[in-house]
Asks: 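Attaching a single structure in structure tokens format; questions to follow.
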Number of protein chains: 2
Amino acid sequence: MTLVDPVLQRSSPVPLYFQVAQHLEAAIERGDLRVGDRLENEVTLSERWGLSRPTVRQAIGDLVDKGLLVRTRGVGTQVVRRRVQRQVQLTSLFEDLRSSGQQPTTSVLVLERAPADDEIAEHLGLPSGSEVVHIERVRRARGVPLAVLRNWLPVTVAGSIERAALEEHGLYECLRTVGAHVHSAQQRIGARAASAAEARLLEVRRGAPLLTMERSASDDRARPVEWGSHVYDARAYSFTVNLQSG
Amino acid sequence: MTLVDPVLQRSSPVPLYFQVAQHLEAAIERGDLRVGDRLENEVTLSERWGLSRPTVRQAIGDLVDKGLLVRTRGVGTQVVRRRVQRQVQLTSLFEDLRSSGQQPTTSVLVLERAPADDEIAEHLGLPSGSEVVHIERVRRARGVPLAVLRNWLPVTVAGSIERAALEEHGLYECLRTVGAHVHSAQQRIGARAASAAEARLLEVRRGAPLLTMERSASDDRARPVEWGSHVYDARAYSFTVNLQSG
DNA sequence: TAGTGGTCTAGACCACATT
DNA sequence: ATGTGGTCTAGACCACTAC
């Protein structure tokens, strides 16, 4: 037995199944349970830990959903991955530089209220011509521009966002501090040649390959929160997408 | 009450919670339940349908995971989306043409066994120089080439794949018929300028923007199944990525 | 205060994979 | 034949939201 029993706190507000899931996830992360290892069966675990089987099952089920475990009827439960993978990650020179201690920067070109044109209004589910917050930013590393980020948000959501916050933190971080929680987003990733204006902003030649991303984001009541249209220098950025059971 | 009761078949091998989930999903899809509508509470539903509350809860939970419903404690369960969204979808001229009745084609340039170079061997978790299956295909619509798809697979997985199958069906479809089930995949999406060779194959000018995708796929025991490196004409393809609770 | 979902129990029987 | 996960029941109490 390499798996230590969890220390369960029944008085804690943290649900028991969650405590168990955290314990198992930590054991996998630490390497106590390795890829390919089998867990003991659910009945044995629940008896040893003094829990009902459904409670243990819920914990295991959560880790299955996270992609760390697989259950096979008649066989058992096995570890298949050591770490949780994020669904989508923008792997960028910008983040690499930040984590390696260098200081990339974000400068805000535009932060204004303006009437929405038809396309923006449609994306945000607002009447055409409604006032919206329009943000335009440039990301630079060592002074070299790498990305141009353009966003439009309902005034009700982003009316109080400040320029200084946007230069220090990501947009979603700013939205959280204002109480807007993004629940789901749809992104469209493509590529195209740089227009003259984009080439000027990004200091690349006209026609250079750019990675593009358009995004619609909504809160948990399906209300539109943000629409964005971003372009990235293709040499500096790529997207990583992780899929399961496809 | 706009929601019709489900017809439950207790003798069916289909689980009750799944029958309920299908019934709710169909009602949402049909529009009987619209975005914003609230379900009756779980206790009432389970009593009316002659099921235990956990069974009804599991059905609702599955649709929450699919992103169709949201549950809020003290409030209730609401519809937030009408259709299930696929996690990642390659939206392409190719698929558009197929669904509009036109006939796009896939031609197999290469289907061979060859020793893996270091990079391929690493991606497939094999010793360097191991024999692998190497596939190279071109996708065309109306005779115009739109994508070049290059894949490498372990011989144990793809040893019996045939040229004709690859010209008729997608790679993953072929893998399923051979008993290889892809469980998870990691994709890296980027952009770059077309090399001379790529420009020739895709009939674009050298330096034209291409959308690129590299993919590692594994089965449910975390064994590598496939590694692929694809390039797409950026005018014809884009990726759609759907995120939740991010 | 009333009503909702969130958590938990202690069983039961079944389907499937392995031996 | 055995052991595993898959499904299901009939309750219980709690935490949160809205009024």
Side-chain angles (χ1 to χ4, degrees), chain A residues 3 6 8-24 36-65 68-80 179 181 183 219-221 245, chain B residues 1 3 6 8-24 33 36-65 68-80 179 181 183 219-221 245:
Chain A
L3 180 59
L8 298 173
Q9 301 183 305
R10 297 192 97 94
S11 60
S12 162
V14 179
L16 292 171
Y17 77 88
F18 196 84
Q19 295 182 37
V20 172
Q22 280 186 315
H23 179 257
L24 289 173
D37 281 0
R38 278 233 295 272
L39 260 57
E40 288 177 279
N41 72 66
E42 297 173 350
V43 176
T44 306
L45 288 178
S46 55
E47 282 171 358
R48 170 162 42 243
W49 295 340
L51 297 169
S52 69
R53 185 177 162 211
T55 301
V56 173
R57 230 183 117 66
Q58 184 172 1
I60 292 175
D62 283 2
L63 299 187
V64 170
D65 290 342
L68 296 177
L69 300 175
V70 283
R71 285 193 282 215
T72 317
R73 174 164 15 186
V75 178
T77 304
Q78 271 183 306
V79 179
V80 283
H181 293 269
H183 172 263
D219 69 10
D220 60 9
R221 298 282 160 87
S245 42
Chain B
M1 254 300 293
L3 179 61
L8 298 172
Q9 300 182 307
R10 299 191 96 94
S11 60
S12 161
V14 178
L16 292 172
Y17 76 87
F18 196 84
Q19 295 183 38
V20 172
Q22 281 186 314
H23 179 256
L24 288 173
L33 293 171
D37 281 0
R38 278 233 296 273
L39 260 57
E40 287 177 280
N41 72 66
E42 297 175 349
V43 176
T44 306
L45 289 179
S46 53
E47 281 170 359
R48 170 163 39 244
W49 295 339
L51 298 169
S52 70
R53 184 177 162 212
T55 300
V56 172
R57 229 182 117 65
Q58 184 171 1
I60 291 175
D62 284 2
L63 299 187
V64 170
D65 290 342
L68 295 177
L69 300 175
V70 283
R71 285 193 282 215
T72 315
R73 179 169 6 191
V75 178
T77 304
Q78 270 184 309
V79 179
V80 283
H181 293 269
H183 172 263
D219 68 10
D220 59 9
R221 299 282 158 85
S245 45

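In what follows, every chain begins at residue 1, and chains take the letters A, B, ... in the order their sequences are listed.
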Asks: Run the numbers on E47(B) and E40(B) for side chain to side chain contact (heavy atoms under 4.5 Å, CB included), then give the verdict.
Replies: CA-CA 11 Å; E47(B) 281 170 359; E40(B) 287 177 280; over 6 Å; no

Asks: How would you summarise protein contacts on nucleotides 12-19 of chain C per nucleotide, using B for base, S for sugar-phosphate only and - for none, with heavy-atom distances below 4.0 Å?
Replies: B--BBS--

Asks: Mind checking side-chain contact (heavy atoms from CB on, under 4.5 Å) for Q78(A) and listing every partner two or more places apart, or none if nothing turns up?
Replies: R38(A), V70(A), R221(B)

Asks: So, is T55(B) near the phosphate of dT7(D), with a side-chain N or O under 4.0 Å from OP1 or OP2?
Replies: no

Asks: Below the 4.0 Å mark, does dT7(D) have OP1 or OP2 next to a side-chain nitrogen or oxygen of Y17(B)?
Replies: yes

Asks: Under 4.0 Å: is that the gap between some side-chain N or O of T77(A) and OP1 or OP2 of dT4(D)?
Replies: no

Asks: What is the distance, to the nearest angstrom, from the CG atom on N41(A) to the P atom on dG6(D)?
Replies: 12 Å

Asks: When you get a sec, tell me which of dC8(C), dG5(C), dT9(D) is the closest nucleotide to the side chain of R10(A)?
Replies: dC8(C)

Asks: In whole Å, I'd like the distance from the CD atom of Q58(B) to the C1' atom of dC8(D).
Replies: 9 Å

Asks: Quick one: pull up CG in D62(A) and CD in Q22(A) and give me the separation to the nearest 0.5 Å.
Replies: 10.5 Å

Asks: For R71(A) and dT4(D), is the shortest distance between a side-chain N/O and OP1 or OP2 below 4.0 Å?
Replies: no

Asks: When the distance from CG of L45(A) to C1' of dC8(C) is rounded to whole Å, what number comes out?
Replies: 17 Å

Asks: For DNA chain C, whose closest nucleotide is more 5', that of V43(B) or that of P54(A)?
Replies: V43(B)

Asks: Atom CG of D62(A) to atom P of dG6(C): distance rounded to whole Å?
Replies: 13 Å

Asks: Verify, without hydrogens or angle tests, whether E42(B) (side chain) and V56(B) (backbone) share a donor-acceptor contact under 3.5 angstrom.
Replies: no

Asks: Report the distance from atom CD of E40(A) to atom P of dG5(D), rounded to the nearest whole Å.
Replies: 10 Å

Asks: Answer yes or no: is there a side-chain heavy-atom contact under 4.5 Å between L24(A) and L3(A)?
Replies: yes

Asks: Find the distance L8(A):CG to dC8(C):P and express it as a whole number of Å.
Replies: 10 Å

Asks: Rounded off to whole Å, could you give me the CG-to-C1' distance for the L39(A) and dG3(D) pair?
Replies: 16 Å

Asks: Test side chain to side chain contact (heavy atoms under 4.5 Å, CB included) on L69(B) and V80(B) and set out the steps.
Replies: CA-CA 5 Å; L69(B) 300 175; V80(B) 283; 5.7 Å; no

Asks: Please determine, for the side chain of E42(A), which listed nucleotide (dA10(C), dG5(D), dT9(D)) has the closest atom?
Replies: dG5(D)

Asks: Side chain of L51(A) only, heavy atoms from C-beta on: which candidate in dT9(C), dT7(C), dG5(D) is closest?
Replies: dT9(C)

Asks: Please round to the nearest 0.5 Å and tell me the distance separating atom OG1 of T77(A) and atom CD1 of I60(A).
Replies: 5.0 Å

Asks: Mind calculating the distance between CG (L16(A)) and C1' (dT9(C)) to the nearest angstrom?
Replies: 11 Å

